[in-house]
Every structure is written in C-alpha cells, then in structure tokens.
Amino acid sequence: MGKVVVLDHPLIKHKLTFIRDKNTGAKEFRELVKEISMLMAYEVTRDFTLEEIEIETPICKTKSQIISGKKLGLVPVLRAGLGMVDGMLNILPAAKVGHIGLYRDPKTFKPVEYFCKLPQDIGERDLIVLDPMLATGGSATAAIGFLKKRGAQNIKLVNIIAAPEGIEKVKSTYPDVDIYVASIDEKLNEHAYIVPGLGDAGDRLFGTK
Ligand SMILES: O=P(O)(O)OC[C@H]1O[C@H](OP(=O)(O)OP(=O)(O)O)[C@H](O)[C@@H]1O
Ligand SMILES: O=c1cc[nH]c(=O)[nH]1
Ligand SMILES: [Mg+2]
C-alpha cells in the first residue's frame, strides 16, 4: 500500500502561509513554490539507496556514500506543476523532465488532456509527478494513468496542498503510489476548489487572472 506523507516541517509551514495569502504576488508566489519544492525534495528522496565508493580527501583515502545510479523522471502536470520543476531540479539535476498538459473542465471538473511529451525510457525511470494542487484527484489519476500505460512502474506523487477527496481518489485508484503533501486541507467547495487552499495555482503562478 502506498503511503501518504505530510511534510510538516516548520520551514514548509511558514512558506505555505505566504502562498495561501491572497496578497502574495506572482513573483513571490513563484519563488515560494520553488523553495517549498526544494524542501519537499529532501523528504521525497529519503528512501533512495546509497552505495559506498572510495575517494581521497586531502588527508587520506576513505570510503564514502553516493546515491546508487537511479534514473529519475520529473513529470510536472501543466501548467501549475511547472512551478515545482526548478526547485526539484536544483536537488535532482540529473532527472529528465516529461510534461503532461491537463486542464480541469470548469463544469464537469474532469481533466482534459492537451499535451504529453515524456522521456523515451520512461518505463526504466522512477517518476515523480509534480502538481501543487490535488483537489478531486481527477488530474493526478489521469497523469498517473498515462505514465502507467507507457510502462512506468515506480511513481511518486508530490503535491503542495491536497484535499482529502483527492488523496482518497489516488489511493483507491493507484494504491501503489506514494503521495507526498505539505498540507491536507479541510475540503472542496462547490467549484471543486480546495478550502482554504490558495486559489488557482496556475493563475497565481502565471498571472492569468
Ligand atoms: O484534482 P483536480 O480536481 O483534478 O484539480 C487539480 C488540478 O487543477 C489545477 O490545474 P488547472 O486545471 O487549473 O490547470 P492549470 O494548471 O493550467 O491552471 C491543478 O494544478 C491540478 O492540475
Ligand atoms: O483549489 C484548487 C483546485 C484545483 N486547482 C487549483 O489550482 N486550485
Ligand atoms: Mg489552474
């Protein structure tokens, strides 16, 4: 069974407050989403395995550890997921990046696909799906479904804010996927927006509202 990990570190909580605040402008919002993503990368990579190699310090030879050759893929869900890519790449610079374009139909709340470009060897990579918001879970399950159809086996989902409904949907549809979130909020409203949430993450990142 996949796990649900809530990253409640004080630094993350502090930065969350400011991305929730409606008076935070796009520049600061983007910087904070990037910083939160970097901090989340720390925990998302906790189960990475290490191997020992021999190196030489200026003083002597010694054994030391490095992360065993892991092929990684970051998969932002457009548009809002783009805001998390740079922060993750700062920590995981060798990862390849695939893009899945989805928008949520405002009436049905169902995800509509408009773009998909993934690394060719997607089936050999451990994948980290990025999207700041997990609301009904429609977009996340659609994105995970695309990846699985193309052979992906090891998928983690990273969201900054999640609604309980979205977590349940991902858990019940893909029980093997680990979910990492900075906050599980209270509920969805009648427009399927997360309460209290932060509004529309894509619009706030790109200034489209
Ligand atoms: O869990 P769900 O109910 O599917 O909602 C979450 C999705 O909604 C938002 O994207 P949106 O459709 O606003 O597209 P955008 O990123 O282009 O703004 C968000 O970034 C998720 O992808
Ligand atoms: O609260 C929400 C729900 C879906 N998408 C967002 O950007 N915010
Ligand atoms: Mg949006």
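Counting starts at 1 for both ligands and their atoms, in listed order.
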- Has E113 got more than 12 heavy atoms of other residues, nucleotides or ligands less than 6.0 Å from its CD? yes
- Could an N or O of ligand 1 be found under 3.5 Å from any N or O of A201, whether backbone or side chain? no
- Item | Subset of ligand 1 atoms that lie under 4.0 Å from at least one heavy atom of Y103 | 12 (O)
- Item | G137 near ligand 1 by a heavy-atom separation under 4.0 Å | yes
- Item | Identity and distance of the protein heavy atom lying nearest atom 5 (O) of ligand 1 | R104 CD, 3.3 Å
- Message: Check whether R79 reaches the backbone of L205 with its side chain - one donor and one acceptor, N or O, closer than 3.5 Å.
- Response: no
- Message: I need the nearest protein heavy-atom contact for atom 22 (O) of ligand 1: residue, atom name and distance, please.
- Response: D131 OD2, 2.5 Å
- Apply the side chain to side chain contact (heavy atoms under 4.5 Å, CB included) test between L134 and each candidate in T141, I161, L157, V77; give the one that qualifies. L157
- Task: Could you list which atoms of ligand 1 come closer than 4.0 Å to a heavy atom of M133?
- Result: 6 (C), 19 (C), 21 (C)
- Task: Please round to the nearest 0.5 Å and tell me the distance separating atom CG of N159 and atom OG of S183.
- Result: 11.0 Å
- Using a distance threshold of 4.0 Å (strictly less than), state whether atom 12 (O) of ligand 1 has a protein heavy-atom neighbour. yes
- Query: Got the residues with a heavy atom under 4.0 Å of ligand 2, by chain and number?
  - Reply: R104, M133, A135, A192, Y193, I194, G199, D200, A201
- Task: Mind checking side chain to side chain donor-acceptor pair (under 3.5 Å) for K70 and listing every partner two or more places apart, or none if nothing turns up?
- Result: D126
- Query: Nearest protein heavy-atom contact for atom 18 (O) of ligand 1: which residue, which atom, what distance?
  - Reply: R79 NH2, 2.9 Å
- Numbered atoms of ligand 1 (with element) below 4.0 Å of G138, judged on heavy atoms: 1 (O), 4 (O)
- Query: Should K209 and D200 count as an ion pair when the cut-off is N to O under 4.0 Å?
  - Reply: no
- Note on the structure: Residue set satisfying ring pair (Phe, Tyr, Trp, His ring centres under 6.0 Å) with F18, at least two apart, ordered chain then number -> H14
- So, R104 and T136: side-chain donor and acceptor under 3.5 Å apart, yes or no? no
- Item | Element-labelled atoms of ligand 1 that are located less than 4.0 Å from some non-hydrogen atom of L78 | 16 (O)
- Under 2.8 Å from the Mg ion (ligand 3) - protein N/O/S, by chain and number: D200 OD1, D200 OD2
- Salt bridge present between K27 and E31 (N-O < 4.0 angstrom): yes
- Item | Close-contact set for ligand 1 against A80 heavy atoms, below 4.0 Å | 16 (O), 20 (O)
- Item | Residue D200 vicinity, atoms of ligand 1 by number, heavy atom under 4.0 Å | 13 (O), 18 (O)
- Query: Among protein heavy atoms, which sits nearest to atom 7 (C) of ligand 1, and what does the distance come to when rounded to 0.1 Å?
  - Reply: S139 OG, 3.5 Å
- Using modelled atom types only, decide if a donor and an acceptor are shared between the side chain of T17 and the backbone of K13 within a distance under 3.5 Å. yes
